[in-house]
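For reference, the structure is listed below as C-alpha cells.
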Amino acid sequence: QFNPHNKGGNISEKGNGRLMESSLERWIEEIRSGNPEAQQAIWEAFFPELVMLARRRLTGIRKAVEDEEDVALSVLQSFFAAVQKNSFPD
C-alpha cells in the first residue's frame, strides 16, 4: 500500500540515504502509474531542501531574475516531466 507520507525522514539526515532512496524509487513508480499523491509526496519531501540548496548557491547573486523558490520549482517540474516521459533512469 502506497503511503505518500512515509518519507523515511528528511533528506538531509545522515544515515537515512538508503531509506530515502527506497522511498524515492517507490514514488517514481507511483508517478509512472498515475498516482498524483506520489508527486505531492516528492514535493513535500524535497521542495524545502531544494530551496535551501538554491539559497546557498544564489548567495551574492542578484535575485531579480529568479529566487530560490523559482529554482526549486523548476527542478521539480523538470524532474516530474522526465519521469512522465520515462526518460528518468530506473
Side-chain angles (χ1 to χ4, degrees):
Q1 175 94 19
F2 175 73
N3 178 356
H5 300 291
N6 183 11
K7 293 181 254 211
N10 186 300
I11 64 170
S12 64
E13 291 177 4
K14 304 277 185 212
N16 271 342
R18 183 65 196 139
L19 187 57
M20 180 53 76
E21 183 178 329
S22 173
S23 294
L24 183 58
E25 290 168 357
R26 187 174 64 251
W27 291 333
I28 289 171
E29 288 304 315
E30 289 293 325
I31 289 171
R32 288 179 177 156
S33 301
N35 185 343
E37 291 179 350
Q39 191 167 338
Q40 181 65 33
I42 289 175
W43 178 273
E44 290 174 8
F46 290 95
F47 187 76
E49 296 284 341
L50 288 169
V51 169
M52 286 191 306
L53 176 61
R55 185 174 295 131
R56 286 195 304 269
R57 296 287 185 159
L58 293 173
T59 299
I61 297 174
R62 189 170 171 211
K63 295 184 182 182
V65 176
E66 289 190 28
D67 70 5
E68 55 271 7
E69 289 187 2
D70 292 331
V71 172
L73 178 61
S74 179
V75 167
L76 287 173
Q77 287 174 334
S78 296
F79 173 79
F80 293 136
V83 170
Q84 290 296 330
K85 291 178 186 175
N86 209 22
S87 63
F88 192 75
D90 291 327

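In terms of heavy-atom proximity, W43 sits nearest to L73 at CH2-CD1, 3.4 Å.
To the nearest 0.5 Å, the span separating CG on L50 from CD on E68 amounts to 12.0 Å. To the nearest 0.5 angstrom, L58 atom CG is 8.0 Å from D67 atom CG. For the atom pair Q40 CD and N35 CG, the distance stands at 11.0 Å (nearest 0.5 Å).
A continuous path of Ile, Leu, Val, Met, Phe, Trp and Tyr side chains, each step under 4.5 Å between heavy atoms, connects F80 with F46, placing both in one hydrophobic cluster. Under the 4.5 Å side-chain heavy-atom criterion for ILVMFWY residues, a single connected hydrophobic cluster contains both F47 and I42.
Between the side chain of S33 and the main chain of E29, a donor-acceptor pair closer than 3.5 Å is present.
By the 4.5 Å heavy-atom criterion applied to side chains, F79 and I28 are counted as neighbours.
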